[in-house]
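Below, chains carry the letters A, B, ... as their sequence lines are ordered, and counting in each starts from 1. Basis for what follows: all heavy atoms, side chains included, without hydrogens, waters or symmetry-related copies. This one's a predicted model, so the numbers in the text were calculated from it and none came from an experiment.
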2 protein chains.
Amino acid sequence: MHMDSATVMVQGVRDEIAAPVDAREAQRERILAAAMRCFARSGFHKASMQDICADAGMSAGNLYRYFRSKEAIIAAIAEADRVRNAAVFEILERTEDPVRGLACLARAFLRDMHGRDAPALCTEIIAESLRNPEMRAMFERNINEAHAACAAALRRGIERGFVDAGIDVDVTVRLLMALGDGIIAHRPMADFMTDDRVDTALDTLLERFLRPPAAARAATAVKAYTGNADTLPSLQPTPSA
Amino acid sequence: MHMDSATVMVQGVRDEIAAPVDAREAQRERILAAAMRCFARSGFHKASMQDICADAGMSAGNLYRYFRSKEAIIAAIAEADRVRNAAVFEILERTEDPVRGLACLARAFLRDMHGRDAPALCTEIIAESLRNPEMRAMFERNINEAHAACAAALRRGIERGFVDAGIDVDVTVRLLMALGDGIIAHRPMADFMTDDRVDTALDTLLERFLRPPAAARAATAVKAYTGNADTLPSLQPTPSA
DNA sequence: CTGGAGTGAATGAACGTTCACTCTCATGCA
DNA sequence: TGCATGAGAGTGAACGTTCATTCACTCCAG
């Protein structure tokens, strides 16, 4: 935080300090990568600082020059998770039809959460959030951002006739998030949950759950979704980029 | 295990040995209850045996007379969880329409998983299953039982026209389980997720996701679901009970 | 020669587990 | 009845280990 604003303020002499700052940041990220592997392998509390040091190829004393404590490392990981997630949720703002947007987002989310480490880490963060108040505050901030983005998209979709006006938007959004986190946790334990089968089923679920019922759709002037489930959503051109 | 079969074999003289065996079992359950509180509060690895002893009102030495190790306590808790879950999934076998059966099951499941401890414990078990192979084996046995029950119910429902024949049964089942576990984890962090709002949304989701599409339904001779979402499923009379 | 990068042994606390011990009480024997 | 016996319930200090964290130290570039 301090680093970031300092960097901006001295941008004119960036060359003088960029090297050391970047080196420091690179070391921090090396430690974070090692910590994520260890935490995914053993959990926050069973993984020891010695494990992280060994994985990062670094002595304990040196590691403590970059992170004040184990808690600080955990917090940094949760924050990195938040930033990465926030990026994924921007898909919704660039998509006209929120149902297709959610399907696209789900694909991106599930692709991001592949591998051995990501699911274990994600689930560990949630489990820890249910007991550690500081972790919970962090996770809630994360999830409230995502919730706001999804809810706004759904309400926009309702106005434009893409989405059933009868749904309970807040509960629906949280149900979909719960589904996402649940899939992340369950997928590594079921080898038949391949990407394409899950994608197809999720498409069907989203289309049927969120679309206005046929009767209501017929009565609506706005033409709602009529394409097939395999088409990617048509992205709106983004004015700023 | 040994105790159980022994008890059966000497049932004629049960009075002589019933008292000590029951006392032992009562102590074991007292320890398990304490351990569940501690594990829910701090997680499997951060909760210490001293914490559990204090919560159970018992010395460390005595506790080890009832459980060989901390791992053994964790295993016993996971097993108890499995047994309790298996009971809930029997609802499906007593219900003609699996969509209503799943809605009913979801209600029972969410009611069971209330309180402060149950969600934290359930999530902790899943998180631990993603790294500890022994815990994973136990959890997979648990979930495969449930999966089989759900999948059988859905296939039966497809034959009878209650459920869309086009769904991917295995993936759909696992998606619904993921949704359930996700709700358990998310609900404590969102106070608007009240029982009735979640139940209503889940009813809608299940009805729309699983029912045959309107076109297919009209072409089917079997009359599918036509009741409203608030009605409880009509339970079939169970021949054995 | 100064200051940041990096080391690794040392520290005290806390961990899971063990063990020598006491207490209680039903039973066997006088 | 009165007493010795021993098995099971329960205790809590002690064990060796591992933990997160610290610190006196070396190294090296500028």
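The pair B:Arg155-B:Asp170 meets the salt-bridge criterion, since a charged nitrogen lies less than 4.0 angstrom from a carboxylate oxygen. The pair A:Glu128-B:Lys46 does not count as a salt bridge, with every side-chain nitrogen at least 4.0 angstrom from each carboxylate oxygen. Under 4.0 Å is where a charged nitrogen must lie from a carboxylate oxygen, and between A:Arg107 and A:Asp196 no such pair does. Between A:Arg41 and A:Asp55 there is a salt bridge, since a side-chain N of the basic residue sits under 4.0 Å from a carboxylate O of the acidic one.
One can place CD1 of B:Ile31 at 11 Å from C1' of D:dG10, the figure rounded to the nearest angstrom. B:Arg24 has its CZ atom 13 Å from the C1' atom of D:dG10, to the nearest Å. Here the P atom of nucleotide D:dT22 and the CZ atom of A:Phe67 are 16 Å apart, to the nearest Å. Between the CZ atom of B:Phe44 and the P atom of C:dG16 there is a distance of 14 Å, given to the nearest Å. With rounding to whole Å, A:Arg68 atom CZ is found 14 Å from D:dA20 atom C1'. Counting to the nearest Å, the C1' atom of D:dT21 and the CD1 atom of A:Ile74 are 15 Å from each other. Residue B:Tyr66 contributes atom OH, which lies 20 Å from atom P of C:dG16 at whole-angstrom precision. Between the CD atom of A:Gln27 and the P atom of C:dG4 there is a distance of 16 Å, given to the nearest Å.
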Query raised in the report: Please walk me through it: do A:Asp51 and A:Ser48 pass side chain to side chain donor-acceptor pair (under 3.5 Å)?
Result: CA-CA 5 Å; A:Asp51 293 340; A:Ser48 73; 3.2 Å; yes
Requested in this report: Verify salt bridge (Lys or Arg N to Asp or Glu O under 4.0 Å) between B:Arg187 and B:Asp195, making sure each step is shown before the conclusion.
Outcome: CA-CA 10 Å; B:Arg187 195 170 40 165; B:Asp195 280 2; 3.4 Å; yes
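Remark: aromatic rings of A:His45 and A:Phe39 are distant, center separation not under 6.0 Å.
Under the side chain to side chain contact (heavy atoms under 4.5 Å, CB included) criterion, B:Glu71 pairs with B:Ser69, B:Asn132, B:Glu134, sequence neighbours left out.
Closest to the side chain of B:Met49, from the set D:dT22, D:dC19, C:dT17, is C:dT17.
The cationic atom of B:Arg28 (NZ for Lys, CZ for Arg) lies less than 6.0 Å from the six-membered ring centre of B:Phe67 and within 45° of the ring axis.
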Are there any protein N/O atoms within less than 3.5 Å of an N/O atom in nucleotides 27-30 of chain D, and if so, which ones and at what distance?
none

I'd like a table of atom pairs between the protein and nucleotides 7-10 of chain C - only N or O on both sides, under 3.5 Å - with the distance next to each one.
residue, atom, partner, partner atom, Å
C:dT7, OP2, A:Ser59, N, 2.9
C:dT7, OP2, A:Ser59, OG, 3.1
C:dG8, O6, A:Gly61, N, 3.2

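At a threshold of 4.0 angstrom between heavy atoms, the contacts of B:Ala47 are confined to the sugar-phosphate backbone, with no base atom among them.
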